[in-house]
Amino acid sequence: MAIEPITISKNDVALDLSRAVEIYRDQGENFQVSTAPGLDGIVRRIEVSALDERSTGDWAVFALANTTDEQIDRLIVAPHYRLVGSGLAWPDLGSNRIAAITPSEGFALDRQPSRDADVFLVTLNPGSIVTFIAELSTPNLPQVYLWEPEAYKDTINSYTLFRGIVIGIAGLLALFLTILFVVKGTSMFPATAALSWAVLAYICIDFGFLNQMLSISAQDARLWRAGTEVALAATLVVFLFTYLNLNRWHLHFSYGTAAWVLALCLLAGVAYFDPAVAAGIARFSFALTAVVGLGIIAYLSFQGYDRAIMLVPSWLMILVWLAGGWLAVTGSLANDIVQSALTGGLVLIILLIGFTVMQHAFAGGALHQGLFSDMERQALAVTGSGDIVWDWDVLRDRVITKPDVSRMIGLEPGALHGAARLWLPALHADDRDTFRTTLDVILEHRRGRISQSFRLRGADGHYHWFTLRARPVIGSDGEIIRCVGTLVDVTEQKKAEERLLHDAVHDNLTGLPSRELFLNRLEAVISIAKTEENVRPTVLVIDLDRFKMVNEGLGISGGDTILLTISRRLHRLLKPGDSLSRFAGDQFAMLILSEQNSQRIADVAEAVKQAINLPITFAKREIILAASIGLVSWNSSQSSAEDMVKDAELAMYQAKRFGGDRIEPFRPAFRSVGTDRLQLESDLRRAVERQELRLVYQPIVRLEDRSVAGFEALLRWEHPRRGSIPPSDFIPVAESCGLIVQLGLFAMQQAADDLASWLKQIGDVPLSVSVNLSSRQLIRRDLISDVRSVVARAGLNPRCFRLELTESLVMDNPEQSAHVLSRLKQLGVGLSLDDFGTGYSSLSYLTRFPFDTIKIDRSFIDDTSPKRSVLLRSMVNMAHDLGLSVVAEGVADENDALELRQMGCEYVQSFLFGPPLTSDVAMKLLKEQYPLVQV
């Protein structure tokens, strides 16, 4: 169908032909079309052949009518790139639009030189209607204009001036920020400089400035344009991260930013193959950065972050620019100046960001250095420290403080402004003379410094500590004209010092004096007692009996509550002059000065005992405590407080030996008790060195045939002066002084060596030896290696070596015991549970430990009750059900042995079947039992 011609006149300067152009796609190299009707109304059919090899087979057709009686010259202009209508996803990044234009009459139009558009000059004769067929170089023809030549030239020149100014501003800004980066070195400057260089590159492409320098084609400009848009998106992300210092808020910001920037860098590679795809993704990234950045800036601004607050205006401008860009690329905003306006707006954004960065970087920074004199800096330092300036004008005798110290302590404003003597009533009585003397000395000597701490009374009557440091200012006549310094409130520091001093000599739980303070007070009282006959101090040392059970039953916090209750009860018994102290743990000490009569002192001690015996209700339980109390009164033979307390402690320990819950006055004989123990410990140490210790072996006999199945090794000490000392006397001493480990290792090695010697003489027979373990040995980490070493050194089979442990020893630390016993079992040694039935006797615990033998305690054998047999049979059956063998201890007669055999008990151990034997006697016994065994 014929197209409708566009009528033009002499006054038409610029016409937009975009909507009047008809596009025909995929028509090939030859194209036929009907022309617009001429003046005679005839529609002609013409055929046009492609004149340019760049033709795509797409054609555009439009018609122009000159109805005037004059010739009209016009320019047909098709811009290579327009931001308006370019699209958000897969945008049109520009290209050559028209390869050639053929009119329906006359010759093909001449192309005019232009780097930014396809421009053709057309001449319309008077009264002519001409149809134009354009060969398209690209499927898209976004815009076609018809310009009056001079108007087009003026427009281009005006845009050239605008573009030059914008490029100049952007270039100077990028250069300036780069120089600041080199000079300042702050991380925000390179990020801002990179963003400004990306904007400059984008402007150079958009304004065609790059074409002037590199002569790139319209097709290559697509690649450059996509690259600059990717650079804009990437540098905006980097700027936001760096300026807001997001890595300090959360490490995830660093990871997210790094991934985002890396993706955009990869997108720059995509631009080489498909610029439209890269540009579309970059535009989405830019918009997403703006939105995410708005949320981050808003959040950080509410947090009071100054950088975020300063960035708010710049970011709001970015959002406005983004909205304008979206309206432009979608075609909603289609003015010819939109593209240039948006580019200029981009430069304004960078300019504002640059000002923001510089304002933050130089606020209080290097630009202000050197602007203040030394005195001004000192004044700023005093103000910054928060100290009070104390200024005494000596000539007028007027003291001024800034800020006013009167307000700080609750007095009327200016109450302490005036003569120095006005300070004296407000000072603590102990500080007034020192304050007055210090000022007088300064005035008299006309030199020196004031450094003094004093207390000022506040309006509420409480005192505040202050430290004054000042120096005099000497006038021209050599006299002091004023004293100037600082006044610092040190009340909190003084309180802290007092608390530390109090805590150093007082118990943290009860607040009672510590042992050191108690001894100090007692020493002072003894000094007085040496000269005053009516001063006779008495010391009570009080130790709660079995308080460990309270801690185990109630927990540490419950035990502390009980101790607090006891301390309050004891404190109520004090009279003027008396003192109470907590020595350690559950031990207290009382100094009595109020009573001198022996009977009255005894009554006080009894009152202490009764106060502790009173029931204490805790957690719906009634706790009744007892205490061992040692008492000593001063006499002239006691030279020091330490000696007096030691005597009271000896009396307290003696009360514990007598069963506790009693008061024991000190007697000189108590000193020998401790001495005997120390002597025994000393002798025991030498006994190990002198080999006074030896082993004896009590046989373990099979009830079935009365043969010896093994021996239990028992340690004996033959003292050169005291004779034989039983284990019940020296084993506790060895445990307390740390010798038990050495004794235990000696017993294991000697027993293993003796057994190895016996087996060499009688052959490989089923024989074992048992050695008892102590608590200290069980908790040692080296126990496993010690046992392994003992067995290996003796050359024994591990099954011949056995270790015996009591129930109470195992249950002191069940978890540790289970671990150690399992490792011992892995070595192959036997394990026996001694004194079975006297401790926990719990099946649940028994099954946790790898014992292979239990030893029934002699108390069950000696029992005469009717239920004795039932209990013994139950114990034997239980052991057999658990896969354990049974040894009965302390069997006194044959009837008991027969009964035990009938019950299924395998072994017995008692004096009836063999007393403890020396190694040689045991060897003879074994040779009698195994006479035919060959070595």
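We number each residue from 1, following the sequence as shown.
Ser9 and Asn11 form no side-chain donor-acceptor contact under 3.5 Å, judged by distance and modelled atom types alone. Checked by atom type, the side-chain pair Trp260/Ser285 shows a donor-acceptor distance below 3.5 Å. Counted by atom type alone, Asp116 and Ser114 present zero donor-acceptor pairs between their side chains at under 3.5 Å.
Put simply, the side chain of Leu121 does not reach to within 4.5 Å of the side chain of Leu109, judged on heavy atoms. Annotation: side chain of Glu105 is in contact with side chain of Ser128 (closest heavy-atom distance under 4.5 Å). In this structure the side chain of Leu200 never reaches within 4.5 angstrom of the side chain of Ser196, judged on heavy atoms. Using a 4.5 Å cut-off on side-chain heavy atoms (C-beta onward), Ile46 and Val33 make contact. No side-chain heavy atom of Leu17 sits less than 4.5 Å from a side-chain heavy atom of Tyr145. In this structure, the side chains of Phe241 and Val261 stay at 4.5 Å or more apart for every pair of heavy atoms. Thr242 is not listed as a side-chain neighbour of Thr257, based on a closest heavy-atom distance of 4.5 Å or more. In this structure the side chain of Arg225 never reaches within 4.5 angstrom of the side chain of Pro91, judged on heavy atoms.
The two residues Ala282 and Ala233 come nearest to each other via the heavy atoms O-CB, 3.6 Å. Shown here for Leu195 and Leu236, the closest heavy-atom pair between the two residues is CD1-N, 3.9 Å. The heavy-atom pair separating Tyr243 from Met310 by the smallest distance is OH-CB, 3.7 Å.
If you run side-chain contact (heavy atoms from CB on, under 4.5 Å) between Trp147 and each of Thr155, Val119, Asp12, Ile156, only Thr155 comes through.
Although no hydrogens or angles enter the test, the distance criterion places no donor-acceptor pair under 3.5 Å between the side chain of Asp58 and the main chain of Leu136. Proximity of a side-chain donor or acceptor of Glu229 to a complementary backbone N or O of Gly227 within less than 3.5 Å is not detected.
When the shell of 6.0 Å around CD of Glu29 is examined, it contains 12 or fewer heavy atoms from other residues, nucleotides or ligands. Heavy-atom contacts from other residues, nucleotides or ligands closer than 6.0 Å to NZ of Lys402 number 12 or fewer.
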